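What you are looking at is a predicted structure, and each value in this text was computed from that prediction instead of being measured. When a ligand or atom number is given, it counts from 1 through the structure's own listing order.
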Amino acid sequence: MNDFLNLCRDAVGAAHVLTAEADVAPYLTDWRRRFTGKALAVVKPASPEEVAAIVRLCSQFRVPIVPQGGNTGMVLGSVPDASGTSIVLSLTRLNRIRGIDTVNNTMTVEAGCVLETIQNAAADAGRLFPLSLAAEGSCTIGGNLSTNAGGVAVLRYGNTRELCLGLEVVTPQGDIWSGLKGLRKDNTGYDLRDLFIGAEGTLGVITAAVLKLFPQPKAKLTALAALETPDDALRLLSIAQARCGATLTAFELMSEICLHLVTKHFPQIRLPFAQHYPQYVLLELSDSESEEHATAMLEGLIEEALEQGCIVDAVVASSIAQSNALWNLREHISMAQAAEGKNIKHDISVPISRIGEFIRITDVALQDAFPGCRMVTFGHLGDGNLHYNVSPPENGSDEEFIRHQEAINRVVHDSVDRFGGSISAEHGLGALKRDEVRRYKSETEMALMWTLKQAIDPLGIMNPGKVI
Ligand SMILES: Cc1cc2nc3c(=O)[nH]c(=O)nc-3n(C[C@H](O)[C@H](O)[C@H](O)COP(=O)(O)OP(=O)(O)OC[C@H]3O[C@@H](n4cnc5c(N)ncnc54)[C@H](O)[C@@H]3O)c2cc1C
């Protein structure tokens with residue numbers, strides 16, 4: 001392997017081929033610190049040509065490639081396995097914004113650009129790039145595209161797939177496919193772009209993308225509503241959609257325990273109500289007219305929801321600081337749950353209309369099987385996507401609880417399947433859910449996926465052991 005590593009050094013410079021234990025360590029453990037793999041080296045190219053050169057070497061020496069962006073993924077997709085035979089291909093040096101076209105409303109960016117940098121560059125050009133998630137300060141657009149990330153604005157703007165007009169990709173043979181035309185219409189055969197989006201690095205390496213930009217809203221208003229049940233949240237969603245249409249940009253459900261854990265582990269974050277309620281909805285309006293227009297719309301919505309009895313209380317943020325404080329509640333849930341101890345995460349989706357029934361039935365099934373377990377349920381209700389996370393009973397043993405992971409997954413995922421849902425709404429499959437998904441996909445679906453994988457990556461060097 002020395003020949004291989006020396007050729008990698010020739011291709012990208014010796015300083016960008018990391019092999020010392022301390023240098024590679026940060027790239028080997030996943031964000032949740034659940035798994036640490038091994039790698040031959042971490043290679044950090046700085047251009048598509050350098051990526052292509054490394055991929056060609058990997059193909060020649062049959063070295064598996066694990067593409068990595070910000071390493072914030074939740075499903076062990078971006079870390080190598082324990083064999084030590086693969087390289088981690090870090091894309092973080094491909095971080096140029098290649099251009100912004102405010103007439104075409106697009107921007108062309110390299111895969112290693114951090115999401116927040118892209119949002120800021122769009123804002124500086126007077127535009128909005130709406131993809132937004134709690135990891136935006138460290139995740140990269142290449143990772144977002146490869147996982148088809150969702151986030152908090154899917155309701156209005158769609159998943160990352162909907163925000164992308166074109167890709168540049170290095171194929172497993174080391175060729176560069178440039179599909180960066182930025183067209184809104186192009187029906188000239190199979191949609192290669194859509195193939196690579198959501199492929200989690202198993203079909204090629206994304207090196208650049210053309211992203212859609214939108215007008216900046218004139219006003220943004222955030223409110224937190226208190227409710228009794230998830231079904232009430234669905235009624236509120238219907239009213240909000242009927243009254244606000246596309247102005248409604250976020251609709252997040254959080255159960256009482258979520259905010260209890262946030263205020264317990266982050267005491268500086270306060271609940272803006274004098275008492276606790278069983279459920280909360282954080283909603284945001286992004287208005288293209290004016291602050292007054294947005295305020296009137298939000299007040300009308302809250303009034304109607306109170307009249308119809310689907311909410312019991314509500315607060316509206318009257319400043320950016322207050323809006324940030326409300327969003328802080330939502331964005332600290334994962335960290336608060338982690339601070340509470342180990343938990344078992346489920347990133348599921350079901351048809352929006354069935355969410356209330358899904359929560360009721362699955363909660364009962366889990367309580368019957370694992371008395372005292374705590375369902376820390378929150379998520380993007382407006383997209384039918386819940387983070388249905390399960391924590392051990394209060395004062396219960398983490399280790400004992402985690403031993404039941406497979407049985408708990410079975411209860412939750414079988415329930416998701418019965419409700420016609422998906423066991424991975426936005427995080428992907430990675431290595432974590434690769435085997436699990438086979439239970440729920442048909443043979444035909446799996447066979448089609450295999451056919452694609454083998455046709456595009458016949459040597460199987462792209463992120464082996466992930467997805468399929
Ligand atoms: C606090 C927190 C909140 C989150 N919230 C959300 C959320 O709301 N919605 C959501 O969808 N996700 C969320 N995530 C998950 C994660 O942030 C996303 O999956 C994100 O898109 C991953 O980007 P990344 O750059 O970190 O990719 P990585 O973790 O580095 O990689 C993810 C996958 O993409 C592949 N990959 C990375 N870059 C490339 C490339 N250039 N070419 C080919 N393959 C590549 C990797 O091999 C891996 O399979 C959250 C994570 C955290 C830590």
Would you call [X] and [Y] a salt bridge, using N to O less than 4.0 angstrom?
X	Y	value
R32	D30	no
E340	R374	yes
D186	K181	no
E436	R410	yes

Is the number of heavy atoms from other residues, nucleotides or ligands within 6.0 Å of [atom1] ([X]) greater than 12?
X	atom1	value
K441	NZ	no
R184	CZ	yes
E21	CD	no

Return yes or no for this condition: an N or O of [X] is under 3.5 Å from an N or O of ligand 1.
X	answer
T147	yes
G150	yes
G77	yes
L133	no
A149	no
W31	no
G73	yes
G69	yes
A134	no

Look at [atom] and say which protein heavy atom is nearest, naming residue and atom and giving the distance to 0.1 Å.
atom	value
atom 24 (P) of ligand 1	G70 N, 3.4 Å
atom 15 (C) of ligand 1	T72 O, 3.7 Å
atom 10 (C) of ligand 1	E426 CD, 3.5 Å
atom 41 (N) of ligand 1	I206 O, 2.9 Å
atom 20 (C) of ligand 1	N144 ND2, 3.5 Å
atom 46 (C) of ligand 1	P67 O, 3.1 Å
atom 31 (O) of ligand 1	S78 CB, 3.5 Å
atom 2 (C) of ligand 1	A135 CB, 3.8 Å

Measure the distances from the heavy atoms of [X] to every atom of ligand 1 and state whether one is below 4.0 angstrom.
X	result
V205	yes
H380	yes
G151	yes

Can you see whether [X] engages [Y] through a side-chain donor-acceptor pair at a distance of less than 3.5 angstrom?
X	Y	answer
N409	H346	yes
T207	E110	no
E426	H380	yes
N385	S349	no
H16	R93	yes

Give the atom numbers and elements of ligand 1 that come within less than 4.0 Å of a heavy atom of [X].
X	answer
S146	34 (O), 35 (C), 36 (N), 39 (C), 40 (C), 42 (N), 43 (C), 44 (N), 45 (C)
Q68	30 (O)
G143	21 (O), 23 (O), 24 (P), 25 (O), 27 (O), 37 (C), 38 (N)
L91	41 (N)
A111	41 (N)
G204	43 (C)
G201	43 (C), 44 (N)
N463	47 (O), 49 (O)

Which atoms form the tightest heavy-atom contact between [X] and [Y], and what is the distance?
X	Y	answer
Q119	F129	CG-O, 3.9 Å
G142	I206	O-CD1, 4.4 Å
V17	A41	CG1-CB, 4.1 Å
M107	I100	CB-CG1, 3.9 Å

Ligand 1 contact on H427 by region, counting heavy-atom pairs under 4.0 Å: side chain

Counting only heavy atoms, which portion of M74 has something under 4.0 Å from ligand 1: side chain, backbone, both, or neither? side chain

Can the ring centroids of H427 and H387 be said to lie less than 6.0 angstrom from one another? yes

